[in-house]
Each structure stands twice: as structure tokens, then as C-alpha cells.
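The structure under discussion appears below in the form of C-alpha cells.
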Number of protein chains: 2
Amino acid sequence: MGDLEFKSAVETTLKVIGGKWKPLILCHLTEGVKRFGELKREMPEITQKMLTQQLRELEKDGIIHRKVYTQVPPKVEYSLTEYGQSIREVLDVMSQWGRRHQKRMREMDSSITK
Amino acid sequence: MGDLEFKSAVETTLKVIGGKWKPLILCHLTEGVKRFGELKREMPEITQKMLTQQLRELEKDGIIHRKVYTQVPPKVEYSLTEYGQSIREVLDVMSQWGRRHQKRMREMDSSITK
DNA sequence: CGGTATCCTCCGAGATACTG
DNA sequence: CAGTATCTCGGAGGATACCG
């Protein structure tokens with residue numbers, strides 16, 4: 001486990017799905033195909049610039065697909081690629097551990113309060 | 001999967017083990033108990049300040065244990081707590097996905113070069 | 001509607017020096 | 001040996017305005 005490959009692989013994963021917005025965006029896209037405005041509405045705190053930027057990076061990494069409808073007004077749909085579906089299990093494990101950790105933190109807080 | 005809890009749990013995990021240095025530190029500590037200087041030597045690029053800072057945060061989150069030997073010269077040992085052992089599986093999944101992604105990226109590169 | 005293009009802010013992280 | 005204490009800076013991320 002301590003080998004170099006292991007460590008660099010972990011860092012690769014964090015480069016692709018880490019950061020402030022990507023995990024959230026990916027969670028939303030696991031629900032299905034979404035339009036740009038739809039994603040924006042579901043994440044009110046993200047700026048248009050950041051949403052565009054992060055989506056472009058995920059697209060470059062092959063995780064998501066960007067489908068442009070050439071029409072007026074424009075319509076753009078985002079979805080996980082078949083390959084992109086594979087991060088689901090990573091998100092799942094991270095979510096499970098996070099839930100456990102949240103619970104633990106709450107318990108520690110209340111034991112101090114007592 | 002798309003529920004609020006799921007998303008916040010993923011973010012919680014990234015807050016605890018994400019960032020530039022924590023995954024690396026944790027990988028090293030999965031190998032066993034390490035002294036401060038030992039970790040520093042194994043990660044030459046990290047500054048003393050960042051190493052200390054990140055270790056403190058991991059300690060606060062209950063992931064690692066800090067054992068101080070009151071002696072001169074000082075000796076401090078770091079190790080995963082029993083609870084901390086549980087991030088192993090998270091790191092494992094992330095590493096597996098990362099390895100897969102690295103391979104995929106290499107293949108895409110070479111298909112362009114051709 | 002789904003973006004660019006600029007400009008700006010803030011803080012994560014590095015460099016360096018000092019210390020119990 | 002294992003740290004603090006400052007100072008500094010780049011770049012991630014935000015605010016705002018404009019565009020096809």
C-alpha cells in the first residue's frame with residue numbers, strides 16, 4: 001500500500017474529482033442528464049464561470065459528455081459518460097465514510113457538552 | 001444517491017483527507033508508526049510548517065495519534081488511530097480508480113500521437 | 001440560454017529564521 | 001528533533017459586464 005504507484009494514483013483521483021465543486025457537480029450528474037441552467041439552479045452558490053470551468057475539465061477527463069443542441073435559444077445537456085459512471089463507486093465509498101465521520105464528530109461534540 | 005446527505009458526506013470526507021498533502025501523509029502512516037523527521041525525510045517536498053499543520057488537523061479529526069516522548073532531544077511518533085484505519089478502504093478505492101484513470105489517459109495520449 | 005472576458009480578492013502554501 | 005513565527009506570493013475562486 002505504501003508504494004509510489006499507490007500514492008500517485010490517489011493523487012490522480014483527487015486531481016480529477018477533488019476541489020470545491022467537482023464532487024457536487026458529479027453527485028448531481030449521477031441523477032441523470034442535466035441542462036446547464038438546471039445545474040446552476042441546483043447549486044445556487046456556484047458562479048457561472050466556475051460551473052463552466054469545472055464542467056470543461058470533467059469533459060476533458062472523459063468523465064462527462066457535453067451535448068450541444070444547435071438552436072435558439074441554446075440548449076446544452078451534460079451527462080456522465082459510460083466511463084464516468086465508474087466514479088460512482090468512489091463517491092459511494094467517500095460518502096459512506098463521510099457519513100460515519102459526521103456521526104462520530106457529533107458524538108464527540110455532545111460528550112464534551114455533557 | 002442524489003440526496004443532500006450524500007453530497008455533504010462526500011464533502012466531509014474531502015475536507016478530512018483531501019488537499020495536497022493529507023493523502024500522502026496518510027499513505028505513509030498506513031505503513032506504520034513514524035517519527036516526525038522520518039515523515040519529513042520521506043516527503044522532501046513538503047515544508048516543516050505544512051507537515052506540522054496537516055498532522056495537527058488529522059489529529060484533531062481523530063485520524064492519527066501523536067505520541068510525545070518527554071525527553072531531550074524530543075521524539076514524537078505519529079500513527080493511525082484505530083478509527084483512522086478506516087480511511088484505508090477509502091484510499092484503496094481512490095487508488096484503484098486513479099490507476100485505471102492513469103492507464104486510460106496514457107492510452108488516449110498514444111492514440112493521438114499515432 | 002449558456003456562455004466569455006476582465007478584474008479583483010483571499011488564503012493555501014512556500015521560504016526563511018528562530019526556539020525549547 | 002520537532003517544532004513556532006513572520007513574511008510573501010501565486011493561483012483558485014468570486015464579481016461583474018458583455019455576447020452569439
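By convention in this document, chain letters (A, B, ...) are assigned in the order of the sequence lines, proteins followed by strands, and residues within each chain are numbered from 1. When reading the values below, keep in mind they use all heavy atoms of this one structure, side chains included, and skip hydrogens, waters and symmetry mates.
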Phosphate OP1/OP2 of [N] contacted by [X] side-chain N/O (<4.0 Å):
X	N	value
R41(A)	dG2(C)	no
R35(B)	dC1(D)	no
Y78(B)	dC1(D)	no

Test your reading of the model: is there a side-chain donor-acceptor pair from [X] to the backbone of [Y], 3.5 Å cut-off?
X	Y	result
K7(A)	P23(B)	no
R99(B)	E5(A)	no
T81(A)	G62(A)	yes
T12(A)	G98(B)	no

- Item | DNA chain D: stems of at least 3 consecutive Watson-Crick or G-U pairs whose donor-acceptor distances fall under 3.5 Å | C:1-20 with D:1-20
For atom [atom1] of [X] and atom [atom2] of [N], their distance in whole Å:
X	N	atom1	atom2	value
R66(B)	dA2(D)	CZ	P	10 Å
I46(A)	dG2(C)	CD1	P	15 Å
E77(B)	dA2(D)	CD	P	9 Å
Q48(A)	dC18(D)	CD	P	15 Å
K20(B)	dA12(D)	NZ	P	11 Å
M43(B)	dG14(C)	CE	P	12 Å

- Query: Could one point to a donor on the side chain of K49(B) or the base of dG14(C) with an acceptor on the other under 3.5 Å away?
  - Reply: yes
- Query: Between F36(A) and Y78(A), how do the two ring planes meet: parallel, tilted or perpendicular, split at 30° and 60°?
  - Reply: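 Judged by the thresholds at 30° and 60°, the geometry between F36(A) and Y78(A) is tilted.
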- Message: Here's a test for you: under salt bridge (Lys or Arg N to Asp or Glu O under 4.0 Å), which of R66(A), K15(A), K22(A) qualifies with E57(A)?
- Response: K22(A)
- Task: Name the residue closer to the 5' end of DNA chain D, choosing between E38(B) and T47(A) according to the nucleotide with the nearest heavy atom.
- Result: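 Between the two, 5'-proximity favours E38(B).
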- Task: Find the distance between OG1 (T47(B)) and CD (Q54(B)) and round it off to the nearest 0.5 Å.
- Result: 9.0 Å
- Query: F36(A) or W21(B): which one's nearest nucleotide on DNA chain C is closer to the 5' end?
  - Reply: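 Nearer the 5' end of the strand: F36(A).
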- Give, ordered by number, those residues of residues 50-60 of chain B having at least one heavy-atom distance below 4.0 Å to an atom of DNA chain D; if nothing qualifies, reply none. T52(B), R56(B)
- Item | Proximity to the side chain of P73(B) - top-ranked nucleotide from dG3(C), dC1(D), dA2(D) | dC1(D)
- Note on the structure: In terms of heavy-atom contacts, L51(B) and L39(B) come closest through CD2-CB, 4.1 Å
- Task: Answer yes when E82(B) and R104(A) have at least one side-chain N-carboxylate O distance shorter than 4.0 Å, and no when they do not.
- Result: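 The answer is no: the pair does not qualify as a salt bridge.
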